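Please read the structure below before turning to the comments.
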Amino acid sequence: MAHSHSIRRDCPELPDFSLLKRLARDQLIYLLEQLPGKKDLFIDADLMSPLDRIANVTTLKQHEVDKLYKVEHKPIVSSSDQLCFLIRPRIRTVKWICDVVNADKSAGRSRRYKIIFSPQKFYACDAVLEEQGIYGDVTTDEWAFYLLPLDDDIISLELPEFFRDNFLEGDQRWVRTAGSALHLLHTLYGPFSRVYGIGRCSKMAYESWREQVEEGEKKACQAEIGKVFLIDRDVDLVTPLCSQVVYEGLVDDIFRIKCGCVEFGPDVTSSDKSLKVMLNSQDKVFNEIRNEHFSNVFGFLSQKAKNLQSAYDKRRGMDIQQMKTFVSEELKGLKQEHRLLSLHIGASESMMKKKTKQDFQEMLKTEHSLLEGFEIRECINAIEEHINRQVSNVESLRLLCLLSLTENGLLPKDYRSLKAQYLQSYGVEHLLTFANLKQLGMLVEQQPGETLTVMDSKVGKLVNERTGGKLNDAFSSLAKKSNFRALSRRLNLVPKSDEEYDLRVPRDMAYIFSGAYIPLSCKLIEQVLERDGWTGLEEVTRMLNGNEFAVTGSNGAKNDSQRIILVMFLGGCTFSEISALRFLGREKGYKFIVVTTAITNSARLLDAMLDHHM
Amino acid sequence: MAFITANWNPLGEAFYRKIELYDMSWTLREGFRDCLVAAAPYGGPIALLKECQRRSPSARPQLEIYSASGVTMASFQWKSGPVRHLGWTVCDDLLCVQEDGTVLIYDLFGTFKRHFSMGQEVVQTQVSEAKVFHSPYGTGVAIVTGSSRFTLATNIDDLKLRRLPEVPGLQGAPSCWAVLTQDRQTKVLLANGPDLYILDNTSCTAVSLPGISCPFSNIVCMAVSFSYKYLSVFTDSGHVWMGSANLKDKLCEVDTKVRTPPKQMVWCRRPKSQQASVVVMWDKLLLVAGDCNDTIQYTLDEECVCVGELDGVRLVGPSRHEFLQEVPLVCEEIFKIASMAPGALLLEAHKEYEKSSQKADEYLREIKEQCVLGEAVRQCVEAAGHEHDTHTQKSLLKAASFGKCFLTNFSPESFVSVCQDLRVLNAVREYTVGIPLTHTQYKQMTVQVLIDRLVYRKLYPLAIEICRYLKTPEYQGVSRVLKHWACCKVQQKDESDDVIARSVSVKLGETAGVSYSDIASRAYECGRTELAIKLLDYEPRSGEQVPLLLKMKRSQLALSKAIESGDTDLVYTVVTYLKNEMNRGDFFMTLRNQPVALSLYRQFCRLQEQDTLKDLFNQDDDHQELANYYVRASYKEKRLEARLSQLQSAVDEYNKAKNEFAAKATEEEMRLLRFQKKLDDEKGEGLLSLSLQATMEALLTAGLHKQAEQLYRDFRVPDKRYWWLKLKSVADKEDWEELEKFAKSKKSPIGYLPFVEVCVKKHNKYEARKYVSKVSPEQRVKAHLAVGDVEAAAEAAIERRSEVEMNSVLSVCSPVTDRVVVDKLNRAKAAATKK
């Protein structure tokens with residue numbers, strides 16, 4: 001629709017990712033068959049939705065799964081002689097299984113237990129089993145289910161904890177998982193001709209993947225994916241903290257899309273029931289509005305409604321024969337479209353109610369001022385008021401972080417007073433939240449320039465000496481400085497505000513933030529692809545703490561696949577970023593495939609910083 | 001080529017031939033006199049223990065090891081006890097069974113490897129006879145002691161000694177015995193005079209030979225076939241009985257007409273042969289006895305040793321090494337005099353062709369007419385494999401290749417593979433190598449094993465040549481050989497660490513599939529730790545280095561390498577190891593220098609060992625983290641006192657960390673908790689652990705304004721916050737009187753617009769109007785609009801001459817009802833622009 005002015009028609013076709021699902025399903029079935037006979041299956045809560053995309057209940061039942069339970073970390077009620085646990089490799093869950101087994105033991109009950117770790121097992125899990133004395137009582141397996149295709153161009157590792165574990169706790173166990181995921185994609189759709197990346201974690205994931213390529217067998221095949229771009233989430237923390245205003249992102253912010261599926265409440269469905277809806281390219285209405293700025297969506301939907309009406313109206317004046325064809329051929333499609341249309345109109349109305357409120361408008365204004373760097377004092381006041389009025393704890397935190405990230409930290413006076421206000425509003429336990437945010441460099445006190453640079457080089461040197469730059473480092477956050485303002489200037493992230501920005505005919509990726517800001521992550525991708533590397537971006541990478549790389553792979557073939565680009569976000573990416581990349585793809589004739597450790601947004605990102613779940 | 005059959009001897013349906021393998025290059029002046037001799041099957045090495053019967057205590061016997069062609073591989077003085085028996089294991093190690101039951105194991109080059117004992121009691125009773133045998137489980141040893149008891153070890157690599165039951169009536173040594181493996185069990189078959197017994201784990205069973213017809217009073221010799229399927233027995237009447245080893249069937253019985261007990265009897269039978277035959281040897285006579293009543297006799301001019309093979313018998317003598325076999329069927333068909341077999345005709349055709357004779361065509365036609373050209377080629381190819389003489393091989397292969405030209409769709413595979421096999425076989429038969437394998441043996445043994453044997457003999461270049469020639473995949477072929485070479489290299493004690501490390505890395509380079517850590521591991525086993533570390537540096541996968549480094553107690557290095565590998569599981573492994581190996585202080589100190597390991601361990605502790613976590617922070621003087629730890633812990637405490645004490649600890653730590661802000665915040669929290677507790681006790685409001693804001697809110701909602709006020713003052717709550725809060729809660733209760741009182745209490749820090757707005761929100765425009773006049777001029781337009789007073793809003797906007805505000809008023813005006821106001825505003829706007 002609106003983008004037609006610049007669409008390049010020669011976009012290559014995307015590879016077929018349903019293969020990934022088939023592989024995962026076959027392996028799961030194989031693993032289930034390793035425990036013959038009837039068995040009860042316990043599934044980790046956050047594996048349930050992904051599992052549902054791979055194998056439905058009927059399939060599981062076919063392979064002698066008797067009852068299905070969610071892992072709830074409570075004593076179990078099961079009469080089966082065989083228990084199978086399908087879990088993420090987390091110590092807490094393994095401990096719970098130990099409790100289950102030990103409870104059975106003391107009750108004199110003997111069963112067979114099998115733990116299937118997905119996507120892999122960690123040494124620590126074995127260590128716990130051993131410590132709790134049940135190592136010999138259970139058999140363990142790995143279900144190498146690394147990648148879940150959420151849509152034609154989105155693949156998720158469904159590992160939301162990646163962000164916190166890796167960037168906050170300095171726990172790198174998921175890096176290898178990311179490497180393995182990349183290896184799987186490479187084996188199935190490679191060989192890749194170029195690999196670019198930025199960030200420590202990206203570099204490590206790349207190394208891990210290289211190692212696996214070297215160990216594995218080499219095969220020659222037609223590449224379906226040409227280039228790969230790896231990026232750490234902490235390279236760009238600003239973008240995920242911005243309010244999303246593109247339809248798909250907005251739906252995620254408000255209703256929370258889970259594993260490609262959203263639950264619309266009664267206010268949307270205009271009935272007394274909630275409705276679970278899959279949101280992907282199969283939904284024709286959604287597919288047309290997902291990447292649109294919210295302000296256009298209503299117009300589009302009403303136009304659509306009119307078209308639909310006139311399609312229905314065709315019935316008038318039809319003879320019997322025509323009516324027959326109409327009913328058999330068109331009516332079903334129209335009805336389906338009608339249903340979807342009314343759903344999305346309902347969703348839009350509901351969102352409109354929330355988003356046109358004054359609070360929201362003012363917040364957007366503050367946000368844009370922060371991105372542009374204007375009227376910072378007013379912004380601080382607005383944030384203070386926001387905290388005082390207790391509008392929302394996560395939102396306040398989000399604005400605080402945006403302020404710190406865009407301004408390279410808060411002035412000591414503001415830092416203290418805002419934190420104090422926040423603690424008064426939401427409780428002193430957020431001392432821990434602030435400690436976490438500081439560790440990550442998301443909410444810090446401004447340092448006098450001198451000290452920070454000294455620290456910078458010191459830590460940098462320390463890291464390089466010890467490890468040859470190969471590993472992440474718990475101190476990394478100390479050296480972190482967002483340099484947002486300078487980056488924004490150099491990369492033109494903020495379009496000039498004096499020009500009118502027509503959101504219906506976007507001219508650049510800034511449209512996803514109402515024309516106020518081009519996401520740094522996507523801009524980097526655009527620049528690197530244009531330059532085929534980092535040449536000319538030295539200043540930028542220096543400000544981003546380096547760790548950039550560009551490597552030529554084995555496949556030099558010049559074909560369409562070279563314009564298929566896989567972007568892997570380590571630590572999550574937002575729907576807005578995906579929309580921006582889709583836009584970029586249309587502009588430049590690329591097709592982007594987004595692989596992410598999880599779909600994220602500001603709320604999820606900040607939620608991960610809270611310590612309540614400990 | 002008529003001479004090919006010159007050394008053939010018929011026996012029943014089949015022919016036997018004896019071919020010479022080597023002229024031995026050793027010089028044994030006294031032959032095998034006084035020698036213990038052992039030759040390994042599959043053309044393996046030969047061991048000699050000379051003068052084993054010690055003539056004087058000072059004379060030490062000499063142990064010598066030769067290749068099958070008689071090339072010396074090792075020679076040394078035997079310094080251990082008297083040896084009863086020599087034998088070879090399946091992997092070419094030499095077993096020396098001593099009288100006292102000790103078995104010593106040496107490698108091909110005479111290097112001592114290890115020893116084991118056949119049991120304590122044997123030391124007393126002494127081994128009187130021993131046999132080394134091979135079974136699917138590996139190499140075994142069987143002994144019989146002076147007290148007539150048998151002991152078995154089925155697999156010397158997994159030593160389990162089994163003492164077999166006593167044999168009734170057996171005194172002294174049995175007249176002869178053999179080891180059988182049947183039904184996955186190893187048994188001993190023994191003869192005591194005319195009686196036969198089978199000894200298994202638990203019992204001794206008397207058995208008899210089925211169908212034996214000749215009378216005899218003693219069984220003097222017995223032999224089991226290579227495959228353990230057949231048994232032959234030699235009686236004192238000079239008869240050979242042959243039958244199945246399970247003693248169910250008889251195959252035949254032959255009268256040798258020799259009554260002296262033979263020196264050796266060995267089966268000589270190729271796989272799938274119809275004929276059962278054994279070779280019986282006396283001092284000067286060698287006799288082949290088979291199904292028919294006839295025998296073949298060879299006179300021996302020197303003392304020999306027979307070695308049973310899969311498809312024949314090798315005769316090792318002091319000057320010659322020969323091979324006696326049943327002529328393979330296909331060779332027989334081709335070379336038999338006047339044979340009209342397709343292969344024979346093809347060979348003939350090719351011979352004529354080489355002579356440029358037209359007879360070649362005649363022969364070919366004959367074959368083609370019978371449509372057996374394919375068969376002819378196949379025969380020639382197969383026969384070539386069985387021939388030892390290279391000329392014969394060549395002429396057969398040439399004939400096959402010639403015949404192939406006239407065939408359109410003959411698969412070349414068998415031809416190619418036989419050519420390759422022969423090339424390899426000829427190379428290893430070469431007497432410098434000395435492995436006289438037949439094609440059948442080679443196929444049974446597989447290339448892999450052959451390569452292993454070459455490697456074991458340190459014939460690395462040949463092994464690599466063969467791998468390259470056969471295009472064996474690198475990791476099974478060249479890489480494997482190179483790895484063994486390197487493992488051997490690191491044991492060379494006369495070279496320095498540097499030289500060895502360098503030469504290994506030069507030769508191995510980046511060869512795929514060679515693990516430097518395996519080589520380093522060998523170096524370490526030889527006690528060369530430094531060399532091991534040097535070699536590990538060449539290992540590209542740091543993960544591979546870790547286990548060995550741990551073994552060498554280089555734990556720090558292991559930790560860095562594990563971290564470098566990026567494999568967190570490996571890091572955990574090392575961390576766990578260190579935790580058990582080191583004392584706590586050193587352990588923590590080590591972690592402190594490795595942030596990655598530290599964060600991993602912290603993660604683990606967070607879930608598994610909270611107390612360790614505390615110790616960890618303590619050790620590091622990480623007061624900030626320690627304080628956070630206490631804060632976190634405080635939330636887990638149910639009792640207020642415990643919680644307060646945790647928080648107090650947090651305050652102390654925050655102070656140590658110079659984090660005054662956090663210390664103060666925590667102190668305030670403690671104060672708040674106490675306040676809440678007090679109030680809860682007095683009023684039962686359930687305030688405990690609410691945030692300050694929530695507490696004030698709850699107090700205001702409950703109408704406890706005084707207490708809320710107190711908190712506001714005590715905790716220095718910003719005015720704005722308190723006003724917002726109070727405004728909201730009073731409005732929520734719609735307590736308009738209190739609101740008015742509050743508005744008048746002092747000048748509002750948040751202005752009065754919020755007052756207007758809360759009232760409007762509660763749909764009380766009357767109350768809202770009370771505050772409009774108090775609103776600051778900047779916000780007054782908004783206030784008027786909020787209460788719906790368009791006129792007043794317009795007035796205010798005009799007064800302020802603000803176009804923006806005028807527009808905002810205009811936007812809410814209805815053109816019908818607010819006609820006057822609209823006109824007024826438009827006029828004012830026009831006036832403003834004029835100016």
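Quick note on labels: first sequence line is chain A, next is B, and so on, each numbered from 1. Computed from a predicted structure; not experimentally measured.
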### Query
Going by the salt bridge (charged side-chain N to carboxylate O under 4.0 Å, His left out) test, which pairs reach into residues 416-429 of chain A, not counting sequence neighbours?
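Qualifying pairs: Arg416(A)-Glu445(A).
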
### Query
With only heavy atoms counted, which part of Thr576(B) is less than 4.5 Å from chain A, the side chain, the backbone, both or neither?
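Answer is side chain: those atoms of Thr576(B) sit under 4.5 Å from chain A.
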
### Query
chain A heavy atoms under 4.5 Å from Val571(B): which part of the residue, side chain, backbone, both or neither?
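Neither part; nothing is under 4.5 Å.
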
### N/O donor-acceptor pair under 3.5 Å between Arg721(B) side chain and Gln421(A) backbone
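At least one qualifying donor-acceptor pair exists.
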
### Message
Closer than 3.5 angstrom, by distance alone: can the side chain of Glu169(A) be matched with the main-chain N or O of Leu600(B) as a donor-acceptor pair?
### Response
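Checking the backbone N and O of Leu600(B) against the side chain of Glu169(A), no donor-acceptor pair under 3.5 Å is found.
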
### Message
Show the nearest heavy-atom pair for residues Ser599(B) and Gly170(A), with the distance to one decimal.
### Response
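Looks like OG-O, 3.1 Å.
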
## Note on the structure
Taking every heavy atom of Ser691(B) against every heavy atom of Gly427(A), the minimum-distance pair comes out as CB-N, 3.3 Å

### Message
So which residue, Leu431(A), Leu423(A), Ile387(A), ends up with the most heavy-atom pairs under 4.5 Å with chain B?
### Response
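Highest number of heavy-atom pairs under 4.5 Å: Leu431(A).
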
## Note on the structure
Within residues 656-668 of chain B, the residues sitting under 4.5 Å from chain A by heavy atom, in sequence order, are Phe661(B), Ala662(B), Ala665(B), Thr666(B)

### Query
Between Tyr654(B), Tyr572(B), Tyr722(B), which residue shows the highest count of heavy-atom pairs closer than 4.5 Å to chain A?
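Highest number of pairs under 4.5 Å: Tyr572(B).
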
### Message
For the interface with chain A, which of Thr573(B), Leu727(B), Val631(B) has the highest count of heavy-atom pairs at distances below 4.5 Å?
### Response
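Highest number of pairs under 4.5 Å: Thr573(B).
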
Is it the side chain or the backbone of [X] that comes within 4.5 Å of chain B heavy atoms, both, or neither?
X	answer
Ser425(A)	both
Val428(A)	both
Tyr426(A)	backbone

### Message
Are Arg632(B) and Leu432(A) packed together at the side-chain level, in the sense that at least one heavy-atom pair is separated by less than 4.5 angstrom?
### Response
yes

### Query
So with a 6.0 Å cut-off around CZ of Arg671(B), is the heavy-atom count from everything else above 12?
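Yes - once you tally the heavy atoms of other residues, nucleotides and ligands closer than 6.0 Å, there are more than 12.
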
Show the atom names and distances, to 0.1 Å, of all donor-acceptor pairs under 3.5 Å that link a side chain in residues 123-132 of chain A to residues at least two apart or in another chain.
unit_1, atom_1, unit_2, atom_2, d
Asp126(A), OD1, Lys121(A), NZ, 3.3
Asp126(A), OD2, Lys121(A), NZ, 3.2
Glu131(A), OE1, Gln608(B), NE2, 3.1

### Intermediate values then yes/no, side chain to side chain contact (heavy atoms under 4.5 Å, CB included), Val717(B) and Gln424(A)
CA-CA 8 Å; Val717(B) 175; Gln424(A) 288 190 350; 4.0 Å; yes

### Query
What pairs with Lys614(B) under side chain to side chain contact (heavy atoms under 4.5 Å, CB included), at least two apart in sequence or on another chain?
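Here the qualifying residues are Leu626(B), Tyr629(B), Tyr630(B).
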
